[in-house]
2 protein chains.
Amino acid sequence: MHDRLNKNSMAVLKMVRASHSHPTASEVYEAVRQERPQIGLASIYRILHNLVEQNYIKELRHGDDTCRYDAHTARHDHAICTQCGALLDIPIDVALPQDLLEAAAQATGIEFSSHELRLYGRCPTCQGQAVQHKTVE
Amino acid sequence: MHDRLNKNSMAVLKMVRASHSHPTASEVYEAVRQERPQIGLASIYRILHNLVEQNYIKELRHGDDTCRYDAHTARHDHAICTQCGALLDIPIDVALPQDLLEAAAQATGIEFSSHELRLYGRCPTCQGQAVQHKTVE
DNA sequence: AGAAAAATGAGAATGATTATCATTATTAGT
DNA sequence: ACTAATAATGATAATCATTCTCATTTTTCT
C-alpha cells in the first residue's frame with residue numbers, strides 16, 4: 001500500500017475521472033489500453049480495487065452483475081431506471097432530515113455513518129423510447 | 001405465465017417467506033431440497049425469477065456478487081453493514097418529505113415511481129465483534 | 001386415454017472476477 | 001552505481017453465480 005500512484009494507476013484514475021458514465025472494469029480496460037497498450041485486465045482490476053481502498057474512487061453496484069466505478073466520492077444520491085437499469089447521479093444535494101435518518105438507524109441498531117437515497121423510475125431516454133414505440137406501432 | 005403456483009414454486013415461496021435473512025438462490029436450493037429432494041438448481045433460479053415477475057418476492061442486490069430474495073414486497077428501507085456487508089431491513093416507516101423526493105427526481109428527469117433509503121454503518125454484530133477483538137488482543 | 005403445451009432437472013456454457021506464478025520493474029542498503 | 005530484496009505486472013487458468021440447452025416428465029385440455 002503506497003501513497004504515490006504509478007503510471008498505470010494514474011492512467012486508470014484519470015480515465016475514471018474523465019468518464020461521466022460510471023465505467024465498468026472492461027470499459028476502463030479498453031480506454032486505458034489506448035495510452036498503455038501492454039496493460040493487462042488483471043492489473044485493471046487490481047488497480048481499481050486499490051483506488052477504492054485508498055478512497056480515490058467508489059464502487060457502485062445495482063441491477064446487473066458488473067460493478068461500476070465513480071470518481072465522484074462525495075456523498076450523493078442516485079436515480080435508477082426501472083426499464084434499462086441506468087444509474088444516474090442526482091445532481092443536487094437532497095437534504096434529508098437528520099432526525100429521520102437517526103431514528104431509522106436506531107431502529108436497526110447500526111452505528112450510522114452515511115446514507116444514500118435511491119429513486120426508481122423511467123429515465124429520460126426510456127421515456128422517449130416508449131413514446132416513439134407507441135407512435136411507430 | 002400462470003397465476004396458480006405449483007408445488008415447486010410453492011415450496012420456494014414458502015421458504016423465502018419463512019426466512020428473515022434475505023436468502024440467496026443457493027440457500028433457497030439447500031432448504032427446498034429437504035422437502036423436494038429431486039429439485040434442480042436451474043428450477044430454483046427459474047422459479048425465483050417467476051416469483052419476482054409476479055411480484056410475490058423482490059430481488060435485492062448490494063455489495064457482493066450474489067443476489068438475494070425478500071418476501072417483504074412493500075416498500076421499505078435498508079441498512080447495510082460497512083464491515084460485513086449484511087443487509088438489514090429498517091423496521092419502521094421512514095417518511096421522507098415528498099417534495100424533496102420530487103425535486104430530486106426532477107433534477108435527473110426521471111419519471112419518479114418509488115424510492116429506497118440506504119443507511120450505512122456497522123451492524124450490531126460487527127460492533128460487538130470489534131469490542132471483543134480489542135479486549136482479546 | 002391421448003395430443004399439445006408447459007415445466008423440469010442434469011449438465012454444459014457464459015461471463016465477470018480472482019488467483020497463480022514466472023517475469024519485470026522498483027526500492028534500499030552499501 | 002551494484003546487487004539483493006521487494007513489490008508490481010501481465011498472461012493465463014481457475015472460480016463461481018447465473019443462464020442456456022435439451023431430452024424427459026408432468027400437466028392441461030378435450
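Every chain is numbered from 1 and lettered A, B, ... according to where its sequence line falls, protein lines coming before strand lines.
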**Message:** One pair to check against side chain to side chain donor-acceptor pair (under 3.5 Å): A:Arg122 and A:Gln83. What are the steps and the verdict?
**Reply:** CA-CA 6 Å; A:Arg122 297 225 318 284; A:Gln83 188 166 319; 3.1 Å; yes
**Asked** With a non-hydrogen cut-off below 4.0 angstrom, is B:Thr66 in contact with a base, only sugar-phosphate, or nothing?
**Response**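 Counting heavy atoms under 4.0 Å across all strands, the contact made by B:Thr66 is with sugar-phosphate only.
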Residue-phosphate contact under 4.0 Å: [X] side-chain N/O, [N] OP1/OP2:
X	N	result
B:Ser43	C:dG9	yes
A:Tyr45	C:dT17	yes
B:Asn6	C:dT8	yes
A:Gln38	D:dT9	no
B:Asn8	C:dT8	yes

**Message:** Parallel, tilted or perpendicular, judged at 30° and 60°: which one describes the rings of B:Phe112 and B:His115?
**Reply:**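 Correct class here is tilted.
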Euclidean distance, atom [atom1] of residue [X] to atom [atom2] of [N] [Å, nearest integer]:
X	N	atom1	atom2	result
A:Leu41	D:dA13	CG	P	15 Å
B:Glu59	D:dA17	CD	P	15 Å
A:Glu30	C:dA16	CD	P	12 Å
A:Leu60	C:dT17	CG	P	13 Å
A:Ile44	D:dA11	CD1	C1'	14 Å
B:Leu48	C:dT8	CG	P	12 Å
A:Ile39	D:dA8	CD1	C1'	11 Å
B:Leu5	D:dT26	CG	C1'	17 Å

**Prompt:** B:Asp70 pairs by side-chain contact (heavy atoms from CB on, under 4.5 Å) with which of B:Val52, B:Asp89, B:Ile57?
**Reply:**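 Among the candidates, only B:Asp89 passes.
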**Message:** What's the closest nucleotide to the side chain of B:His49 if the choices are D:dA11, C:dG9, D:dT19?
**Reply:**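 Closest of the options to the side chain of B:His49: D:dT19.
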**Message:** Among C:dA10, D:dG10, C:dT8, which nucleotide has an atom closest to any side-chain atom of B:Ile47?
**Reply:** C:dT8
**Asked** Of the non-hydrogen atoms in A:Cys84 and A:Cys123, which two are nearest, and what is the gap between them?
**Response**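 Smallest interatomic distance, heavy atoms only, reads SG-SG, 3.9 Å.
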**Message:** Nearest 0.5 angstrom please: A:Glu59 CD to A:Arg61 CZ, how far?
**Reply:**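 Nearest 0.5 Å value for the CD-CZ distance: 5.5 Å.
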**Comparing B:Arg46 and B:Arg61 on DNA chain D - which has the more 5′ nearest nucleotide** =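 In this pair, the answer is B:Arg61.
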**Prompt:** Ignoring hydrogens and angles, does a donor from either the side chain of A:Arg36 or the base of D:dG10 sit under 3.5 Å from an acceptor on the other?
**Reply:**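 In this structure, the two groups form no donor-acceptor pair.
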